[in-house]
Protein chains: 2
Amino acid sequence: MPRTGRRPGPARTRERILGAARTQFGREGYDKATLREIAAGAGVDPALIPHYFGSKEGVFLAAVEFPVDPALFIPRLLEPGVEGLGERLVTFFLETWDSPAGSSLLALIRSVVSSDLAAELLREFVTREVLGRLAVAIQLDQPQLRASLVATQLVGLAMLRYVIKVEALKSASREELAGWIGPSIQRYLTEPVV
Amino acid sequence: MPRTGRRPGPARTRERILGAARTQFGREGYDKATLREIAAGAGVDPALIPHYFGSKEGVFLAAVEFPVDPALFIPRLLEPGVEGLGERLVTFFLETWDSPAGSSLLALIRSVVSSDLAAELLREFVTREVLGRLAVAIQLDQPQLRASLVATQLVGLAMLRYVIKVEALKSASREELAGWIGPSIQRYLTEPVV
DNA sequence: CTGGGAATTCAACGGCTGTAGAATTCAACG
DNA sequence: CGTTGAATTCTACAGCCGTTGAATTCCCAG
């Protein structure tokens with residue numbers, strides 16, 4: 001059983017493919033992004049991508065891993081107590097989008113609208129990992145509705161600031177936005193029943 | 001100069017093509033929708049569409065006309081005064097989406113994310129027709145930022161309720177949602193400077 | 001009844017897509 | 001140095017797309 005053959009390589013090129021895939025999926029969304037463009041971005045032959053990841057779907061799933069771990073950040077946001085939770089949540093949300101991890105989120109949100117696969121993926125993940133944890137954290141009625149309302153405000157903010165790029169939101173500072181939007185989130189999370 | 005030849009027809013089939021186009025663009029978005037599927041939905045040969053509307057872009061522009069006229073509904077919403085404006089706005093927004101006109105909006109929001117053409121179209125229209133009118137209506141500082149914040153909340157609501165179809169939002173009543181979200185909108189519009 | 005012209009269909013082209021499989025390169029080993 | 005087998009590339013296929021221009025249908029005027 002000879003342990004021979006070409007050894008080094010795939011670690012490097014796998015990473016470069018994933019990087020180019022994130023860029024491309026973020027810029028174009030799942031459908032418009034093509035394996036040929038991703039391969040060109042990675043300086044690689046297009047056939048290498050199905051070879052490593054099985055299919056276009058495979059490289060998408062490998063590329064858009066959720067860039068933050070809810071099991072970590074949710075307790076960290078809750079730790080200082082409920083007061084100011086809304087503002088902290090908005091600030092954390094904007095910091096994540098403005099960080100390098102934002103490209104993964106852009107790929108996800110762009111793809112969610114065009115691909116049922118991506119929509120299902122995100123809905124399952126958010127329901128299980130995020131809404132679940134938030135539901136047990138806030139000890140109030142209708143936790144799913146409350147968490148969903150929070151999501152509407154945050155998703156809308158991401159859509160207009162990062163996807164459509166509305167000028168007034170693009171040029172506003174994180175602190176300013178947190179000051180405006182934080183209280184809305186806070187109310188969705190803590191306001192007693194309507 | 002003989003006025004002869006086949007006369008009736010196009011009015012009917014033009015309408016049927018536009019209807020099928022709205023359905024298809026709403027279900028698939030601009031990119032995924034195909035002329036062949038639209039034609040099949042209208043019971044018509046695919047070549048008729050470029051023939052009547054010039055191109056795929058042409059039938060899209062003809063199909064997704066904004067289904068409500070801001071010049072009409074904005075004064076109507078403002079007329080009872082500023083108190084309760086937030087709730088009225090949310091209610092009107094949801095009524096429009098739940099009406100037959102909602103399919104045009106779905107086509108628009110689905111397409112905005114995949115097509116630069118649609119994004120540019122919507123951004124220009126909203127900036128000019130909606131934000132402008134709202135800005136003069138509310139006599140406060142930073143009218144564009146305020147109107148954009150309103151838009152984030154409404155767009156996010158539409159995304160999660162009608163595009164991703166999150167259960168908690170899909171099954172909530174219009175009144176319930178207006179009760180939760182209305183105050184946020186109200187604050188964005190009328191809260192004195194932060 | 002007959003011809004003309006609009007309405008509609010047919011057939012096809014060129015381009016792009018994801019993907020499969022054969023062919024080739026090349027670093028590491030005996 | 002030659003063999004080996006993984007890493008990579010080449011070639012090609014089948015399918016769908018928007019669009020085109022010629023062919024056909026069919027209503028209506030004369």
Side-chain angles (χ1 to χ4, degrees), chain A residues 1-21 24-25 27-64 107 110-111 114-118, chain B residues 1-25 27-64 107 110-111 114-118:
Chain A
M1 188 189 280
R3 286 217 154 275
T4 172
R6 198 173 178 177
R7 210 65 58 74
R12 280 284 167 76
T13 63
R14 248 189 81 103
E15 269 317 304
R16 283 178 44 192
I17 289 175
L18 284 179
Q24 209 59 28
F25 283 130
R27 186 149 41 208
E28 310 283 359
Y30 180 78
D31 289 308
K32 286 185 81 174
T34 75
L35 295 186
R36 283 171 168 84
E37 274 177 312
I38 294 174
V44 153
D45 189 275
L48 250 187
I49 304 180
H51 178 256
Y52 275 136
F53 300 96
S55 65
K56 183 182 184 180
E57 204 173 297
V59 69
F60 177 75
L61 293 176
V64 302
R110 271 238 158 80
S111 304
S114 65
S115 150
D116 291 337
L117 164 72
Chain B
M1 190 191 276
R3 286 217 155 275
T4 172
R6 199 172 177 177
R7 210 66 57 77
R12 279 285 166 75
T13 62
R14 249 188 82 102
E15 268 318 303
R16 283 178 46 193
I17 289 176
L18 284 178
R22 264 186 283 267
T23 304
Q24 208 59 28
F25 283 130
R27 187 149 40 206
E28 309 284 358
Y30 180 78
D31 289 308
K32 287 184 82 174
T34 74
L35 296 187
R36 283 172 168 85
E37 275 176 312
I38 294 173
V44 151
D45 189 274
L48 251 188
I49 304 180
H51 178 256
Y52 274 136
F53 300 96
S55 66
K56 184 181 185 181
E57 207 174 295
V59 69
F60 176 74
L61 293 177
V64 302
R110 271 240 158 80
S111 303
S114 65
S115 150
D116 291 336
L117 164 71

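A, B, ... follow the sequence lines: proteins, then strands. Residue 1 opens every chain.
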Query - Structure string for DNA chain D in dot-bracket form, Watson-Crick and G-U at under 3.5 Å, | interchain - result: ||||||||||||||||||||||||||..||

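The nearest pair of heavy atoms linking B:Ala20 to B:Ile38 is CB-O, 3.5 Å.
Put simply, the side chain of B:Asp31 does not reach to within 4.5 Å of the side chain of A:Asp31, judged on heavy atoms. Side-chain contact between A:Ser111 and A:Val64: absent, with no pair of heavy atoms (C-beta onward) separated by less than 4.5 Å. The shortest distance between side-chain heavy atoms of A:Arg14 and A:Phe53 falls below 4.5 Å. You'll find the side chain of B:Tyr52 stays beyond 4.5 Å of the side chain of B:Val59, heavy atoms only.
Listed for the A:Lys56 side chain is no donor-acceptor partner under 3.5 Å among the backbone atoms of A:Pro50. A distance-only check finds no donor-acceptor pair linking the side chain of B:Lys32 to the backbone of B:Arg27 [under 3.5 Å].
One atom, CD1 of B:Ile49, and another, P of C:dA7, lie 16 Å apart when rounded to the nearest Å. Going from atom CZ of B:Arg14 over to atom P of C:dA6 covers 17 Å, rounded to whole Å. If you measure from atom CG of A:Leu48 to atom C1' of D:dC10, you get 12 Å, rounded to the nearest angstrom.
Contact check, B:Tyr52 against C:dA7: no side-chain N or O comes under 4.0 Å of OP1 or OP2.
Relative ring orientation between B:Phe25 and B:Phe60 is described as perpendicular, the plane-to-plane angle rising above 60° on a 0-90° scale split at 30° and 60°.
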Query raised in the report: Nucleotide by nucleotide, 5' to 3', does protein get under 4.0 Å of the base (B), only the sugar-phosphate (S), or neither (-) in nucleotides 11-22 of chain D, counting heavy atoms?
Result: -B----BBBB--

